[in-house]
Chemist: 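Sharing a structure, written as structure tokens. Questions coming.
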Number of protein chains: 2
Amino acid sequence: MNRTNGGGGPTGVNLPALRSHNAALVLDLLRSAGPDGISRLELAERTRLTPQAVSKITARLREEGFAAEAGHRASTGGKPRTVLRLVPEAGHAVGVHLDRDELRAVLADLDGTVVGERRVPLDLGAGAEAVLDAVVREAGTLGRGAGTSLLGVGVALPGPLDHIHGVLHRVTGFPEWDGFPLRDALAARLGLPVVVDKDTNAAALGLAVAGERGSFAYLHLGTGLGAGLVLGGTVHRGARTGAGEFGHQVIQLDGPPCPCGNRGCVEVLCLAAMERGDVGEAARVLGESAANLAGLLDIDLVLLGGRTITAAPEPFVHGVADVLAARARREGAHEGPVPVRLATGGARGVAEGAAQLLLAPVFGWGVG
Amino acid sequence: MNRTNGGGGPTGVNLPALRSHNAALVLDLLRSAGPDGISRLELAERTRLTPQAVSKITARLREEGFAAEAGHRASTGGKPRTVLRLVPEAGHAVGVHLDRDELRAVLADLDGTVVGERRVPLDLGAGAEAVLDAVVREAGTLGRGAGTSLLGVGVALPGPLDHIHGVLHRVTGFPEWDGFPLRDALAARLGLPVVVDKDTNAAALGLAVAGERGSFAYLHLGTGLGAGLVLGGTVHRGARTGAGEFGHQVIQLDGPPCPCGNRGCVEVLCLAAMERGDVGEAARVLGESAANLAGLLDIDLVLLGGRTITAAPEPFVHGVADVLAARARREGAHEGPVPVRLATGGARGVAEGAAQLLLAPVFGWGVG
DNA sequence: GCACTTTGGCAACAGCGTTGCGAAAGTGGA
DNA sequence: TCCACTTTCGCAACGCTGTTGCCAAAGTGC
């Protein structure tokens with residue numbers, strides 16, 4: 001019931017839409033309850049629906065194979081509550097992470113658990129045919145393990161792109177991909193639904209689904225510097241799905257030139273500091289830009305990831321946290337500073353998040 | 001049906017919720033159609049509900065006095081469509097703009113049309129009692145003109161505050177307001193619902209309701225520099241309703257000190273340039289920070305307002321647009337640069353937006 | 001004047017969550 | 001061992017939603 005559905009403005013809600021919304025909501029609560037499960041009455045409390053409505057919804061979900069009973073809780077003086085859990089095998093998705101020099105693909109179940117993985121070297125600049133062949137081969141191999149429960153394939157890769165239409169804009173450093181309709185090309189060859197997104201957005205989605213609540217920014221420092229934003233539990237992609245251009249935020253007017261053409265971008269300052277071996281300065285620069293972002297959007301959390309960060313996490317986490325703490329102290333914040341943490345997921349986080357591009361909609365994420 | 005309702009996570013939807021959502025949606029389309037009105041079949045297309053459902057909804061709205069028939073369209077070969085319109089007098093709200101030296105209050109009807117206005121000098125530092133007295137007096141006077149159709153009073157003022165609880169944090173320059181529960185104090189004395197928000201958020205809401213579609217940033221340059229963000233048609237207030245801290249974005253590492261304690265904030269750079277009489281440099285600095293924001297969030301539009309800007313709009317609009325155009329060109333954007341315009345509404349925009357804090361929820365804005 | 005098109009209300013309907021109620025399945029005291 | 005009590009949860013009836021089938025109303029155009 002939000003105001004941003006589809007392209008034609010907010011839309012009306014009829015009974016089938018209401019039904020699928022509530023079913024997805026219950027399914028999401030089953031998922032986030034994990035292996036411990038959750039009782040019908042708890043579901044009723046959380047959804048603010050009546051227990052009887054929850055009973056009907058869970059009965060349908062059990063009939064369709066998405067949920068199952070899983071034991072009982074201890075009695076509190078009456079009939080003990082029946083515990084329900086998600087059936088993870090009811091759905092799978094393949095997540096593909098296309099990096100500059102490597103293809104990493106995972107097969108994940110509804111729970112997000114990785115049940116299959118493949119890694120092969122890859123040259124993103126080797127041309128569309130070669131890359132498409134590799135994706136079709138690896139995704140196909142993994143997907144066969146899921147049978148008919150395979151929902152589709154999610155692909156995450158660097159650089160600006162059109163998430164809605166699945167068309168690449170500029171994969172930084174590989175101009176030959178400019179304008180390539182990756183989603184449709186892959187969907188035609190795989191015969192499956194395909195969703196394409198930026199690597200940073202996929203990683204952020206994966207973190208949100210994995211349990212990071214509220215609003216946060218995932219900052220990725222590797223070959224370049226980018227961000228994935230989650231605002232109110234939803235990945236913010238912006239009007240033309242180009243949000244997250246964090247690296248080319250100018251924080252030093254008339255500073256050193258950046259390959260992008262601007263002067264004083266965070267990315268060039270941060271990477272230059274790294275080349276000098278000055279990790280402290282790189283972290284400070286990153287912290288200042290993170291503080292700009294945090295003040296502008298009032299987020300709950302900053303998560304750091306990417307090869308450069310995972311190589312030496314502590315100085316970055318502390319350096320960024322110090323800047324945020326100093327700003328919060330100076331501005332007399334009523335609440336503590338925004339916490340900074342290392343992103344979980346590691347090197348496989350982007351591929352797992354890519355799988356979530358297909359899995360998350362099952363739980364009502366990002367579909368209204 | 002979004003995932004950010006209330007405090008306890010996303011909630012289920014039952015039939016009453018579905019009904020009020022669809023009714024609000026139809027009411028919103030009636031409002032945005034303006035005096036020309038809109039036909040039932042057009043409403044059905046826009047809402048994606050069936051014509052019969054729209055007929056039932058509009059019949060209820062007419063019964064309740066919110067909608068009325070207003071003539072017919074020309075025939076296209078069959079029975080001509082009946083045109084429906086909003087009845088603006090069915091609801092009113094008072095909007096109060098508390099500025100440092102002035103109180104401005106308006107009475108607006110459902111259409112947003114101002115049907116009453118009052119302006120009195122005010123010293124925000126004169127103490128809570130004096131300010132509350134003034135608000136109660138002016139809002140009461142205006143509100144009596146609306147009778148029982150008065151929905152409540154919206155109050156907009158500068159400085160960080162807690163929008164959800166209606167408690168002020170720090171009204172910049174007036175520490176005596178720190179922690180003051182403005183909403184509850186006013187609601188008790190007025191006997192009406194009261195909503196409190198930052199002046200920039202109110203102005204942004206007013207612009208969104210007035211017809212600015214999609215996502216945009218409203219940048220306000222007056223005594224200070226702040227922003228109101230509208231993302232996907234909704235005012236973005238952030239986790240602790242503190243979003244929009246645009247003025248203390250650092251764009252010059254180790255730059256000149258700002259009263260806030262940081263160095264190189266846009267606000268201090270921009271205001272210093274204005275004091276030197278260098279409007280061009282002020283506009284360039286504003287433009288760089290606006291470009292940072294536009295790249296990060298991928299917004300559709302930048303709107304400029306505030307006393308300093310309305311005093312000399314052209315150099316600012318052009319200066320900011322130039323920076324955005326230069327960045328878009330250098331980054332090889334596939335679409336044109338983000339347009340920059342002067343915000344409509346002028347000096348009364350904040351007060352009108354404050355009234356919309358009560359009116360907009362009638363049309364389903366920001367309530368899920 | 002008649003055939004046709006288009007609008008929009010009436011009535012019956014399927015399906016949603018809700019309410020009323022009772023069976024099932026425990027606890028705990030006599 | 002029995003019985004009163006508590007708590008869970010499904011069945012059945014219900015109210016209300018949007019949907020479908022149908023037809024009267026109100027125009028156009030030959």
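Labels below follow one simple rule: chain letters A, B, ... track the order of the sequence lines, proteins then strands, and each chain is numbered from 1.
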Chemist: Can you tell me how far C1' of dT28(D) sits from NE2 of His72(B), to the nearest Å?
Modeler: 16 Å

Chemist: With a 4.0 Å cutoff (strictly under), does any side-chain N or O of Arg48(A) reach OP1 or OP2 of dG17(C)?
Modeler: no

Chemist: If you compare every side-chain N and O of Arg40(B) against the phosphate oxygens of dG9(C) (OP1, OP2), does one of them come in below 4.0 Å?
Modeler: yes

Chemist: dC16(C) C1' sits how many Å from His21(B) NE2, rounded?
Modeler: 16 Å

Chemist: Which atom pair, heavy atoms only, marks the closest approach of Ala202(A) to Ala354(A)?
Modeler: CB-N, 3.8 Å

Chemist: Please give me the minimum heavy-atom distance between Leu18(B) and Leu18(A), naming the atom from each residue.
Modeler: CD1-CD1, 3.3 Å

Chemist: With heavy atoms under 4.0 Å as the rule, sort Pro51(B) into base, sugar-phosphate or nothing.
Modeler: nothing

Chemist: Looking only at the side chain of Gln52(A) (C-beta and beyond, no hydrogens), which of the listed nucleotides dG9(C), dG15(D), dC11(D) gets closest?
Modeler: dC11(D)

Chemist: Please pick, from dG27(D), dC9(D), dG8(C), the nucleotide with the shortest atom-to-atom distance to any side-chain atom of Lys79(B).
Modeler: dG8(C)

Chemist: Could you pick out which residue, Thr82(B) or Pro80(A), lies toward the 5' side of DNA chain C when each is mapped onto its nearest nucleotide?
Modeler: Thr82(B)

Chemist: Which whole-number value in Å describes the distance from Arg19(B) CZ to dG15(C) C1'?
Modeler: 18 Å

Chemist: Take atom CZ of Arg73(A) and atom C1' of dA25(C), then tell me their distance rounded to the nearest Å.
Modeler: 17 Å

Chemist: About how many Å separate CG of Leu29(B) and CG of Leu43(B), when rounded to the nearest 0.5 Å?
Modeler: 6.0 Å

Chemist: Rounded to the nearest angstrom, tell me the gap between atom CD in Glu69(A) and atom C1' in dC9(D).
Modeler: 10 Å

Chemist: Would you kindly give the CG-to-P distance between Leu15(A) and dT18(C), to the nearest whole Å?
Modeler: 13 Å

Chemist: Measure the shortest side-chain to side-chain distance between Asp162(A) and Arg240(A) over non-hydrogen atoms and say whether it is less than 4.5 angstrom.
Modeler: no

Chemist: With a 4.0 Å limit, can you tell me whether Asn22(B) has a side-chain N or O closer than that to the phosphate oxygens OP1/OP2 of dG18(D)?
Modeler: yes

Chemist: Output the single nucleotide from dT18(C), dG9(C), dT7(C) whose closest atom is nearest the side chain of Arg81(B).
Modeler: dT7(C)

Chemist: Please check the phosphate of dG17(C) (OP1 and OP2 only) for any side-chain N or O of Thr50(A) closer than 4.0 Å.
Modeler: no

Chemist: Ile38(A) has an atom CD1; how far is it from atom C1' of dT8(D), in whole Å?
Modeler: 15 Å

Chemist: Search all heavy atoms of Trp365(A) against all heavy atoms of Ala208(A) and return the closest pair with its distance.
Modeler: CH2-O, 3.5 Å

Chemist: Looking at Asn14(B), I'd like to know whether one of its side-chain N or O atoms comes within less than 4.0 Å of OP1 or OP2 on dT18(C).
Modeler: yes

Chemist: Please determine, for the side chain of Leu18(B), which listed nucleotide (dG10(D), dT8(D), dT17(D)) has the closest atom?
Modeler: dT17(D)

Chemist: Roughly, in whole Å, what's the span from CG in Leu41(A) to P in dA24(C)?
Modeler: 19 Å

Chemist: Remember a base hit wins even if backbone is also touched, and classify Ser39(A) as base, sugar-phosphate or nothing at under 4.0 Å, heavy atoms.
Modeler: nothing

Chemist: Starting at the 5' end of DNA chain D, which residue's closest nucleotide do you reach first, Thr76(B) or Ala53(B)?
Modeler: Ala53(B)

Chemist: On DNA chain C, does the nearest nucleotide to Lys56(A) precede the nearest nucleotide to Ser75(A) from the 5' side, or the other way round? Give the residue.
Modeler: Lys56(A)

Chemist: Quick check on Arg46(A): does its CZ atom have over 12 non-hydrogen neighbours (other residues, nucleotides or ligands) under 6.0 Å away?
Modeler: no

